[in-house]
Amino acid sequence: MEISSKYNPATIEEKWYQHWLNKNYFHSEPDEREPYTIVIPPPNVTGVLHMGHMLNNTIQDILIRRARMQGKNACWVPGTDHASIATEAKVVAKLASEGIQKNDLTREDFLKHAWDWTHKHGGIILEQLKKLGASCDWQRTCFTMDEARSKSVIKVFCDLYEKEKIYRGIRMVNWDPKALTAVSDEEVIHKEVNGKLYYIKYKLAEENGFAVIATTRPETIFGDVAVCINPNDPKTATFKGKKVIVPFTNRIVPIIEDDYVDVEFGTGFLKVTPAHDINDYMLGEKYKLEVLDIFNDNGTLNAHGLQYEGMDRFVVREQIEKDLATAGLLEKVEPYTNKVGFSERTDVPIEPKLSMQWFLKMKDLAQPAIDAVMNDIIKFHPNKFKNTYRHWMENIKDWNISRQLWWGHQIPAYYLPKGGFVVAETKEEAFEKAIKTVDYPITMDDLHQDEDCLDTWFSSWLWPISVFDGINNPDNKDINYYYPTNDLITAPEIIFFWVARMIMAGYEYRNEHCFQNVYFTGIVRDKFGRKMSKSLGNSPDPIALIKQYGADGVRMGMLLTSPAGNDLPFDEALCEQGRNFSNKIWNALRLVKIWNVDRSVTQQETSKKAIEWFEARFDQALITMNDHFEKYRLSDALMTVYKLVWDDFCSWYLEMIKAPMGQAIDGTTYDATIRFFENLMKILHPFMPFITEEIWHLIAERDQNDDIIIASIPEPKNSDETVLSKFDFTKEVINGIRKVRADKNIPFRDSIELFVLDKSNSIDDAFDGVIAKLCNVSNIQYVEKTPENTFGFIIGATEYFVPITENVDIEAEIEKLKEELKYTQGFLISVDKKLSNERFVNSAPADVVDKERKKKADAEARITVIEQQIKSLKN
RNA sequence: GGGAGCUUAGCUCAGCUGGUUCAGAGCACCUGCCUUACAAGCAGGGGGUCGAUGGUUCGAAUCCAUCAGUUCCCACCA
């Protein structure tokens with residue numbers, strides 16, 4: 001069969017993915033094997049694949065495939081997230097582009113549009129994951145708003161309400177005036193903005209004079225209900241007990257005293273606006289002040305804003321500056337930088353706003369979740385995130401779980417006609433409860449369900465349980481088998497949104513950890529270190545990359561520079577390296593395929609040695625790789641295999657056993673080579689699934705069900721240290737000869753002789769055949785003294801000589817040797833110094849001292865050899 | 001304002017509880033090669049006073065302190 005000289009991924013990838021699907025290899029059912037479970041971080045249902053997904057899912061696939069090959073029952077559950085606020089925003093925008101306002105629609109109509117949108121765009125991202133090679137159990141695909149998941153969410157809400165962990169109340173919340181909903185504290189991003197600090201004069205009510213307050217938000221003066229001073233501030237002491245007039249409103253408000261006011265800041269006067277600032281709100285509570293809400297939900301001023309009614313808060317800010325100045329009430333304006341909260345979703349400044357919301361009490365939920373992570377029942381990789389986690393968990397605040405949105409799980413609270421409400425999983429149950437609560441006649445239609453829906457994370461926090469239906473059906477076969485899951489692969493930015501809350505839900509609903517390891521990936525950046533973003537246009541399309549470099553190439557590119565928790569500076573050159581590697585493997589296959597195998601040929605001694613060595617080397621690398629996996633150092637694990645394949649297998653092993661031109665290879669060597677090749681493909685398969693499967697099938701005849709995806713990954717044996725160190729020495733000799741060839745311009749095709757001067761008789765000639773073959777040496781001779789007309793080098797304490805035709809520059813050689821001698825002598829002195837230091841000999845561990853003694857002996861031997869060579873050159 | 005991390009070759013990073021087998025890897029770079037698997041390749045090679053200073057120690061990239069630079073997280077100072 002003719003094999004092309006370049007590896008062509010496209011058709012091969014398509015073919016094998018389909019094959020794996022046909023064979024149902026990705027599907028898992030509980031059985032007697034050990035389970036290995038990962039639940040996917042569900043991407044937004046209408047999203048498309050970006051580089052972050054690419055990295056994240058590559059890692060998950062590697063872990064899943066490896067577990068599968070280790071004989072575990074591997075189950076990777078895929079799914080998507082309804083992404084309440086993001087999806088609703090998209091639908092609203094789409095409707096707006098068609099001239100439809102959300103407010104003009106009923107809830108039902110809007111949801112119909114949203115579902116249409118979801119069906120149209122949903123699931124694209126899962127199809128894209130298939131291109132990457134993701135071996136998800138597609139039969140288990142879940143959606144956070146499908147029937148079972150929705151039911152789970154509602155059930156949990158009711159349960160937590162019954163447990164009195166969920167409550168409803170008016171609180172100061174983070175209001176997003178664009179999305180028109182409250183958001184949680186975690187959805188607020190604080191950014192530094194360059195603003196102004198306005199010094200505004202408030203006239204005293206009963207006498208002449210002013211109190212000058214400093215504020216960054218002059219538009220909120222309409223909500224002022226007091227001015228506050230610090231009782232210990234001499235600057236403002238004369239104002240105690242007085243009253244001031246709020247500009248424009250003519251409202252008279254008191255000057256109150258509280259040591260909350262920082263005497264160092266501004267003028268010492270603080271305007272108190274309980275409706276629009278969390279601190280002011282607390283002052284308001286303390287002093288029983290009125291709350292004047294001056295904003296509409298969309299951030300414009302309401303009737304309290306008088307002539308500014310209907311204007312946007314930022315427009316008012318500019319206008320009022322002018323108007324205050326005109327009225328002579330603006331003392332000065334200073335540039336000022338402060339931190340302002342922005343909505344994560346819409347990127348508009350958050351408006352602190354009092355409103356009625358639902359909250360979940362977190363303190364009790366947090367405790368077992370803190371313990372689990374601090375005691376390493378759940379391990380974080382890298383573990384530096386433990387600190388971050390603990391800090392947040394120990395200061396956890398109640399979670400605002402209600403959103404003023406329609407796309408999501410509607411809160412199962414039903415309001416009664418004359419006030420009050422009941423919470424129940426269905427309207428029917430709610431009605432049952434209602435008739436028991438009220439003493440007046442009601443019908444089902446009198447119940448009015450809460451309009452709000454739940455925070456998206458209120459469904460995702462149940463994900464590891466709900467995908468196995470463990471909420472609705474807590475004792476089912478799946479949940480009992482797959483839970484707790486093994487590894488979670490996610491980004492650090494959602495450690496609080498998601499990871500922490502899943503851990504809490506896990507303890508609340510299963511009384512157990514929800515996963516054992518959390519692998520935090522880094523952020524994928526471009527090669528200049530910038531975050532990838534649509535606006536910068538620096539985010540490559542993963543699917544296009546796959547087309548260009550092959551899925552295996554891209555997977556490898558993603559993994560090459562990404563230790564856990566580190567940002568990944570992505571460069572297409574990495575994919576290129578991945579593609580080159582694919583090609584290298586491909587060509588190794590081509591070599592093996594063109595061999596003629598003749599089972600009557602006797603095995604060469606060099607081949608025998610090569611096999612012995614590679615066996616040891618393979619096990620050594622495998623041990624290293626497994627160690628990396630245990631520590632979740634996947635890039636290092638990949639690099640270990642990469643070097644094993646490229647350097648050890650291709651550059652050394654294959655070169656050693658390669659039959660000379662036109663000759664056949666013996667059966668023993670051939671079989672061993674195929675076995676090695678197979679083992680290499682097995683350990684590489686989790687990283688590069690497609691090419692390894694293809695080669696698996698090209699390299700040998702296979703039975704119907706003999707696919708690499710389900711092959712057993714090799715277990716390391718103890719690798720033979722002796723053969724490894726002998727071979728390392730051999731490599732040095734070969735290197736030495738190659739260097740001489742390069743320096744002296746002796747082409748490889750011209751065979752050479754090699755003389756060995758080994759005074760100590762310490763070297764092993766077992767690998768001489770290898771040296772001869774790889775360096776095109778016709779004859780290796782052991783000699784007693786330096787041969788004539790040769791050029792030499794020293795490895796250890798053995799001298800090697802290659803005959804050369806050109807004259808040796810003896811002076812230059814002597815110079816080089818002298819340099820070498822000087823270095824070695826210096827080294828010997830430092831070792832001697834150590835060994836003659838009694839404190840070293842006494843306090844250092846015995847093996848360290850022994851090592852030093854060995855170094856001393858080696859250095860001395862080497863010095864002798866160098867000196868002799870200098871002497872002989874001089875003669 | 002509080003906390004955490006990072007600073008080792010041009011780039012990205014390894015170097016665990018101190019001991020020239022720790023000064024490394026991959027890529028990039030330079031030189032020579034189209035050697036019959038592979039130029040998406042082969043062979044060879046040059047790069048770092050391990051951020052700075054001080055300390056502990058027989059010995060420090062490795063421990064401690066201070067400083068500088070940098071990144072991230074948390075936070076209601078108008």
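Naming: A, B, ... by sequence-line order, numbering from 1 per chain.
For the pair A:Lys196 and A:Tyr336, the cation does not sit on the ring face, since its NZ or CZ is not both under 6.0 Å from the ring centre and inside 45° of the axis. Within the cation-pi definition used here (under 6.0 Å to the ring centroid, within 45° of the axis), A:Lys191 qualifies as a partner of A:Phe342.
Counting only N and O atoms by type, the side chains of A:Asn174 and A:Asp185 include a donor and acceptor under 3.5 Å apart.
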Subject >> Nucleotide pairing, RNA chain B (Watson-Crick or G-U, distances under 3.5 Å), in dot-bracket with [ ] and | >> reply: (((((((..((((.....[....)))).(((((.......))))).....(((((..]....))))))))))))....

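Ion pairing of A:Asp832 with A:Lys856 is present here, as a side-chain N (NZ or NE/NH1/NH2) and a carboxylate O approach within less than 4.0 Å. Classification of A:Glu860 and A:Arg862 as a salt-bridged pair fails, no side-chain N sitting under 4.0 Å from a carboxylate O. Of the charged side-chain nitrogens involved, none lies within less than 4.0 Å of a carboxylate oxygen, so that A:Lys531 and A:Asp526 do not count as a salt-bridged pair. Using a 4.0 Å cut-off between charged side-chain N and carboxylate O, A:Glu351 and A:Arg217 make a salt bridge.
Where A:Lys643 and A:Lys384 meet RNA chain B, the nucleotide closest to each residue was compared, and A:Lys384 sits on the side nearer the 5' end. Both A:Leu197 and A:Val592 lie near RNA chain B, and the one whose nearest nucleotide falls closer to the 5' end is A:Val592.
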**OP:** Check the pair A:Glu732 / A:Lys739 against salt bridge (charged side-chain N to carboxylate O under 4.0 Å, His left out), numbers first and verdict last.
**Re:** CA-CA 10 Å; A:Glu732 281 191 66; A:Lys739 195 162 160 24; over 6 Å; no

**OP:** Please lay out, stage by stage, how A:Phe649 and A:Phe676 fare under the test ring pair (Phe, Tyr, Trp, His ring centres under 6.0 Å).
**Re:** CA-CA 8 Å; A:Phe649 186 67; A:Phe676 291 153; 7.1 Å; no

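In the set B:C76, B:C27, B:C38, the nucleotide with an atom closest to the side chain of A:Arg590 is B:C38. Here B:A37 is the nucleotide among B:U20, B:A37, B:G5 with the atom lying nearest to any side-chain atom of A:Glu655. Considering only the side chain of A:Met282, B:C76 comes nearest among B:C76, B:U12, B:A25.
Rounded to the nearest Å, the gap between the C1' atom of B:G18 and that of B:C64 is 13 Å. Taking the P atom of each, B:G47 and B:G2 are spaced 46 Å apart, rounded to whole Å.
Using a 4.0 Å heavy-atom distance criterion, A:Val831 is classed as making no nucleic acid contact. Among the heavy atoms of the strands, none lies under 4.0 Å from A:Leu589. Contact annotation for A:Asp636: no contact, since no heavy-atom pair falls under 4.0 Å across all strands. If you check every strand for non-hydrogen atoms under 4.0 Å, A:Tyr549 touches nothing. Among the heavy atoms of the strands lying under 4.0 Å from A:Lys658 is at least one base atom, whether or not backbone atoms are also near. Across all strands, A:Tyr642 comes closer than 4.0 Å only to sugar-phosphate atoms, never to a base (heavy-atom distances).
Between the side chain of A:Asn583 and the base of B:C38, no donor-acceptor pair of N or O atoms lies under 3.5 Å.
The side chain to side chain contact (heavy atoms under 4.5 Å, CB included) test with A:Val770 is passed by exactly one of A:Ile734, A:Ile657, A:Val733: A:Ile734.
Around NZ of A:Lys547, the count of heavy atoms belonging to other residues, nucleotides or ligands within 6.0 Å does not exceed 12.
The aromatic rings of A:Tyr800 and A:Phe793 lie parallel to each other, their planes meeting at an angle below 30°, with 60° marking the opposite boundary.
Regarding contacts with the backbone of B:C16, every side-chain N or O of A:Arg633 stays at 4.0 angstrom or more from both OP1 and OP2.
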Original post:
Taking protein heavy atoms under 4.0 Å as touching, what does nucleotides 41-46 of chain B look like 5' to 3' if B marks base contact, S marks sugar-phosphate-only contact and - marks none?
Top reply: SSSSS-

Output a table of nitrogen or oxygen pairs between the protein and nucleotides 70-74 of chain B separated by less than 3.5 Å.
none

